[in-house]
Every structure is written in structure tokens, then in C-alpha cells.
There are 2 protein chains.
Amino acid sequence: MAAGRAEGTGRSGPTLEQVAARAGVGRGTASRVINGSPRVSPRARAAVEAAVAELGYVPHRAARALAAGSADTLALVVPEQENRLFAEPYFSEILRGVSSELADTDMQLLLTLIRDERSRDRFARYAAARRVDGVLLVSVHGDDPLPELLRDAGVPAVLSGRRSADERVPHVDSDNVVGAQIAVEHLLGRGRRKVATITGPPDMYAARCRLEGYREALRAATRTEGGPDERLIAQGDFTEEGGRRAMLRLLERDPWVDAVFCASDVMAAGARLALREAGRKVPEDVALVGFDDSAVARHMDPPLTTVRQPIEEMGRAMVRMLRRLMPGEDGPPDGARAKGRAKGGGADAADEDGTRLVLPTELIRRSSS
Amino acid sequence: MAAGRAEGTGRSGPTLEQVAARAGVGRGTASRVINGSPRVSPRARAAVEAAVAELGYVPHRAARALAAGSADTLALVVPEQENRLFAEPYFSEILRGVSSELADTDMQLLLTLIRDERSRDRFARYAAARRVDGVLLVSVHGDDPLPELLRDAGVPAVLSGRRSADERVPHVDSDNVVGAQIAVEHLLGRGRRKVATITGPPDMYAARCRLEGYREALRAATRTEGGPDERLIAQGDFTEEGGRRAMLRLLERDPWVDAVFCASDVMAAGARLALREAGRKVPEDVALVGFDDSAVARHMDPPLTTVRQPIEEMGRAMVRMLRRLMPGEDGPPDGARAKGRAKGGGADAADEDGTRLVLPTELIRRSSS
DNA sequence: ACAACTACTGGGAGCGCTCCCACAGTTGAC
DNA sequence: GTCAACTGTGGGAGCGCTCCCAGTAGTTGT
């Protein structure tokens, strides 16, 4: 009681040493219990566990990290450039997934917003100095050097989404192609004959995938050679205004359009505006389907049918993948090294080394179609 | 080059010791330079700075935290219960503010989602064990014991929003009363005569404030004794459906309602639905104003006039306040201890000890009013 | 019986830093 | 000339942990 320095940063909780003393064991044994090592006698384990409970012991992260040489920390890196993305549920949901997957792990989640080159380089240096054990990169642009910087530095990283079909960096993505496909099939199934699409910017891989899904669905349905009518494809830019203008163009090219698949909900909102201006009713005259299942979709009039990505699950999967990539943690049994075990062609398509994962998307039916 | 152990957690960056050696000074001096202590000769400072640059030295956080006894970390705590909130821009914007304010600081941001009692207690223990230097609490409910737990443990904490008028825990809030007031004044200024309101749940302080602002504005305008007509006040619950039903009730009570101030955008969206069902046009028959400036507001038809809170700035302010509350950091000059310096009654109302801050709100005019 | 294991255990070393004490070197007052 | 009061400086101690190496029992084999 008489020890403490006068003031300063209040004394922290009990130490491992104290726990060990109380349990009547050595520091080493206490440490082993805390870390779940199997080579501890049940007696010692029980004693330590009791002591931990009584003292309310919480391991000191910094000390642990310092001693173990690992940072015990994952970084979630978000480029801030487009705050549009930040506002969408996308980020929040990724975060929720990540956070919930981490809850059991008791690793820390370090959040980093990259707002310019300076902060990016700073982070790259920070990561290279092994101040984090792994990095989750959210919505990286095609020209962002960060993934490669991290790879060269040997820091494990996982992307949300791919930058191209043959993305080399480990990633978790959702199935944009199939998502678009089911959306268009849904429209066709409702008897629509002239299904148009408003695409995203072609330099974004996800946008290309959604276009491909659209084409695929039409090709399968029409069976006629030549595939879909190219005049029914209008390019947008994932903004509302872009969606509006694209819709106007479509109406101009072919007034008989009776359905539109938009590569994002926001563009669908824009398209809806254009349709209203043109006096077309949704869904009577023109059925509308979006992509993302964002807040906009639920609040549109009429509520928008859309394609949902399992974003939260993507966040979880990213963490799991990252942990598998981190040295030391060797995830589940880890059978599939040289085995090449026959993969069941399930819904989740992961390649052999579990470093590419594409999760299924889902159609949310509302009254716009 | 020949050093490193075969594998393992890759050697991390250069250490202070190496920097010191390279600069030809002692470890202590190097440390002093890194930490900006003034008691270093210019010569030594220059040498160390050069060495840092050459070696690309990045201080090891864990080591620093361990040695200094501080965690070098702030926790942002978010109750997950209502994932509605999580989806709103609110959280994202707070986060952006916090993050940008922290960018210079190089403290870590630790993100914690509280999903149940277990995780809350775990966090409380964690914080009590001084594993964080301070806590930012986002949207705490009135009955959440966390603020008090932290206070008793002596962990500095700052709330976003108050739980009551005499909130004792340091907080940053936005001016809900004045926000509501300007919204209603705006409606009155547009010539509306029967301005109704849809309130939030009365057990939420922010909802009560918005109602008070509504009353205040009407009282000032009507000048007639008795103040606003109580029949024009309908209670909602911050949900869309609640807003819709409240609007129906209002129309029933008084069909001549020509304006509605809704205590949230989402409820305004519900009200808009009800108005459409009732064949009322917005804004011709009924003008609508919301609160929050959420995504819903921008995408409503017509786009919703609403009250914006400076959420990002609130996040920044929370960090600043928290840092002032942390021992060791004594923020800016800190003049106002016993001085009682005359406060300019500016827009930002901070009390003497800088532990309560209420930021101004702003009306965003769109075509719904 | 003794060696050769295996199953646990205690505690030293050391992670990279900050804190702080001791010790120059310099100045100024007496 | 002495003594104090500085300003810089180096480096020991130690933060709370994990790693790992000896060590002690207990078990089996020959």
C-alpha cells in the first residue's frame, strides 16, 4: 500500500507475476495457462485460473507485444479519398464483420485512414517496421501502390475486392458476376423483354464484372447469336447524376426499354429521377434493379430491388484469411498443403491456398421490379 | 545481413539504440530528440535527426507504451445494439473526425464494439487496467453504466451527446434545441401556418431537445399565450414506420397541417410515405423538414430539407477534450484555471473547465420545404 | 538397479523504450 | 579561488511479458 509513486499514470492492473504468486506457481506456468498451452498440470491450471479471476487480471498488451515480437494488432486501412464510400453501409458493415471476428481473438484493431500520399507512406513505413501483424485493405484503387509495398515488406495483407481478374494479393470479394446475372434473370423472369443496364466506370473491376453478369444472363436467355443489344448498355460512374444521364440516354436510344439493371443503388436512384422526368412509372413501365442494398435502396420510392453483398461476412472472412497468412498462427488443421484435397464445388469458391475467396451475392426483392 | 534468425516474426525496424549509435550519442539523448525535449544541444539534435532519417526509424509503440506506463491508445467504443445507428453516416463521420484529429498525434485508435454485457464488462476491465489512456463513447444510452464505470476507475472518457441536461461526464454535443428552432423558423418564414412535429422517443435527451426547440420557435412566433397547439405534436420512435404512423395521426387530428418538422430524417421518410398515401403533395401541400442530414435525406423525393450536425467536428472536439483530460497532456496553455476569463458568448458554448461542448447546427435547404 | 524417457515447472534473459540519477562541462556570484 | 547552479549527456533500471533452458518428478524399459 505504501509503494506507489506520488502521481503519474495511475498504477495499472495486476501483473502476471502477482497472479503467479497468488496461484503459488512460477511466472512461466502462469504464462502457459494464460496462453492455453497444453503442457500444464490441471492442478496448476486451476490455481492460475482462480487467481486470474480473483485479481481480475488482464494481460498487458504492450508488454506481451514487446516480448513476443508481434504487435498483436491488425490494421484496417481505409482510403479516404471518396468519402462517398465511407458513408455507404459498406464500410460500417465490413467493420462490424472484422470487429466481431476479432472479438474472440483479442487482437487489437488499429484503424487508419489514408488521406494522402504522406499518410500512406507513413503507414507503409509503420507497417514495414512490423508494428502491425497484418493489414486489411478496404476498397483499394487499381493504382494504389500500398498492396505491393506491403507485400515487398513481407507484411500479410488482405484486400476487400479485387483490382483485376488475376489479383495476386490475397482477397475476399463478392460474386459480382453472378449477382448481376441473377438480377437480370429476375427481370427476364418477370416478363421484361428489353432489359438495359447502367454500368459503373470500366476501370473498376467490380463494374466490369457486373456488366459481364448482365451480358451472360442475356446471352443465356436470348440464345440468339450476337448476344445482348449493345445499345441497351449505358455507362455511368456510380454517381446519382451519372445514373440519371445514363437513363436519359437509354430512353433516347430505345423508348421501349422496360427494365434496367443498375450497377449501383445510387445510380438506380438517378435513373429513377430520369424515369420520373420522362413520365415513366416504376415498376409498371420500367422495372428497376440496383446493386449494393444500401440505405438508398430501402428508402427509394418504390423501394428498390437490389443485389446484396454479404459485406459483414466478407469482413469476417478477411480476418480469418489474414490470420492464416500470419506466421505463427496456423489456423485450422491446415491439411491442404501438398494434399490437393478434392474441393467440393460449394457456394464459396476458395482456391487451393485459401487466399482468394469469392462470396455469393443475393437478390433482395422489393417493389421496383 | 548475416544476422537474423532463420524465420519467425521478421526482425522489425531499427531500434533507438541503433539510431543513437549512428548519431554518435547515447540512448537517452536520442530518446530526448525523438520526444522533442528542449534540453538537447542543436548539434546532438541534428545528428539524431539525420540518423533517424537514414535508418527510417519508427519508434516501437509497444516498447514505448510499456516503458512509459501509458498505453498510447484511445478507445472508440460503439454500442452495437442499434445497428441502425451504425449504418447512419453518424458513426462514419465521428470516426473520420476522430481519426483526422489523431493523425498528428500518432496515438492509436482502438475500436471496440460493445455487443452485450459480457463484452462491455470485458472492456470495462480492460480500461480499468489502464490498457487505454482514454475512451471516446459514441451514442451511449441513458442506462449504460459504462460512463460511470470508467469514471470510477479514473479513466478519462468523453461522450458524444448528453444523456440529460446536467450530464456530468465530459461530452461534446450538437445544439439540438437551436437546430429544431431554426428548422421551425424556416418553415414559418416560408409562410406555413400549421407547423406540426414528429418527435423522437421522450426517453432520449436529444429527442426532448428537438421538441423543446420546436416549442420555443412556435412560442416566439405566435406570441399568443398557451404556446403551440399540443395536437400538432405526435410522438415517433426514430423509425420510418413510426414516422409514418405519427404523420397519419397528425393528419387525422388536423387535416390542415401544412408543415412538419421531423426529429429525424428517417421519420421524415416515413411521414413522406403517409403524405403520399393521403394524396398530399410535398412541399406544395405540406412542407417537410428532417434532422440529421443523412443519406436518406438527399435521396428522398423531393430531397429533404434537414438540420445538419457538425458530426465530424464533434469527433475532433471529442479527441481534443479527451486529451486535455488525460494526465500528462496539458493541452494548450491552460490559462483558464482560476482566471475565470471572460467567455465570449460565441457559437460554441464550452463551460469553464472545457468539459462540456455544444456545437452549432445548420439548416440544409432542399426542395421539401 | 540405473538409464532413458516424458510431464511439468521455475525463473533468467531480454524485447525497445522511458525515466531518472549521476556525472561532466560551463558559467556566474561570492 | 570556491561553491553553487545550471545545461547536456550517458547509461542503469525496469516496465510486464514470452521464450527457452535448465531442473525436478514421475514413469517406463532393460
Side-chain angles (χ1 to χ4, degrees), chain A residues 3-21 23-48 52 55 57-72 106 129-131 133 327-328, chain B residues 3-21 23-48 52 55 57-72 106 126 129-131 133 328:
Chain A
R5 289 106 176 262
E7 43 132 42
T9 330
R11 284 305 69 202
S12 55
T15 70
L16 225 212
E17 195 90 47
Q18 290 166 26
V19 170
V25 302
R27 194 170 16 85
T29 302
S31 173
R32 255 157 284 175
V33 172
I34 304 288
N35 295 294
S37 157
R39 3 206 76 245
V40 184
S41 66
R43 219 173 108 61
R45 181 180 306 279
V48 171
V52 165
L55 266 40
Y57 170 75
V58 181
H60 193 298
R61 225 181 258 284
R64 183 177 262 185
L66 182 57
S70 77
D72 213 20
D106 97 352
R130 287 293 187 298
R131 266 45 164 167
D133 298 322
Chain B
R5 288 112 177 252
E7 44 132 43
T9 329
R11 285 305 68 202
S12 54
T15 69
L16 225 212
E17 194 90 47
Q18 290 166 24
V19 170
V25 301
R27 192 166 20 82
T29 303
S31 172
R32 255 156 283 174
V33 172
I34 304 287
N35 296 292
S37 157
R39 6 204 74 243
V40 184
S41 67
R43 217 173 110 60
R45 180 180 307 281
V48 171
V52 165
L55 266 39
Y57 170 76
V58 181
H60 194 298
R61 222 181 261 282
R64 181 177 264 186
L66 183 57
S70 78
D72 213 19
D106 99 350
Y126 186 77
R130 286 292 187 300
R131 264 49 163 164
D133 298 322

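Values below: all heavy atoms of this structure, side chains included; hydrogens, waters and symmetry mates excluded. Computed from a predicted structure; not experimentally measured. Note on naming: letters A, B, ... go to the chains in the order of the sequence lines (proteins, then strands), and numbering restarts at 1 for each one.
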* Would you say B/Arg64 and B/Leu16 make side-chain contact, with heavy atoms under 4.5 Å? -> no
* Asked: Is the closest side-chain heavy-atom distance between B/Gln18 and B/Tyr57 below 4.5 Å?
  -> no
* **Any residue of residues 37-45 of chain B with a heavy atom less than 4.0 Å from an atom of DNA chain D** => B/Arg39, B/Val40, B/Ser41, B/Ala44
* What pair of heavy atoms forms the shortest contact from B/Val40 to B/Val33, and how long is it? -> CG1-CG2, 3.7 Å
* **Whole angstrom value for the distance that separates P of C/dG16 from CG of B/Asp72** => 17 Å
* Asked: Is there a side-chain contact between B/Leu66 and B/His60 (heavy atoms, below 4.5 Å)?
  -> no
* Asked: Taking atom P of D/dT18 as reference, at what distance in whole Å does atom CG of B/Leu66 sit?
  -> 12 Å
* Rounded to the nearest Å, what distance is computed from the CZ atom of residue A/Arg64 to the P atom of nucleotide C/dC17? -> 21 Å
* Asked: If you look at every heavy atom in B/Ala44 and B/Val25, which pair is closest and at what distance?
  -> CB-CG1, 4.3 Å
* To do: Nearest whole angstrom, please: distance from the C1' of D/dT18 to the NE2 of A/His60.
  => 15 Å
* Asked: What are the two closest non-hydrogen atoms of B/Ala65 and B/Ala71, and how far apart are they?
  -> CB-O, 3.9 Å
* Which heavy-atom pair separates B/Ser31 from B/Asn35 by the least distance, and what is that distance? -> O-ND2, 2.8 Å
* For DNA chain D, what residues of residues 26-36 of chain B have any heavy atom nearer than 4.0 Å? -> B/Gly26, B/Arg27, B/Gly28, B/Thr29, B/Arg32
* To do: Can you sort out the partners of B/Arg32 under salt bridge (Lys or Arg N to Asp or Glu O under 4.0 Å), two or more places apart, ordered by chain and number?
  => none
* Could you state the CD-P distance from B/Glu17 to C/dC17, rounded to the nearest angstrom? -> 9 Å
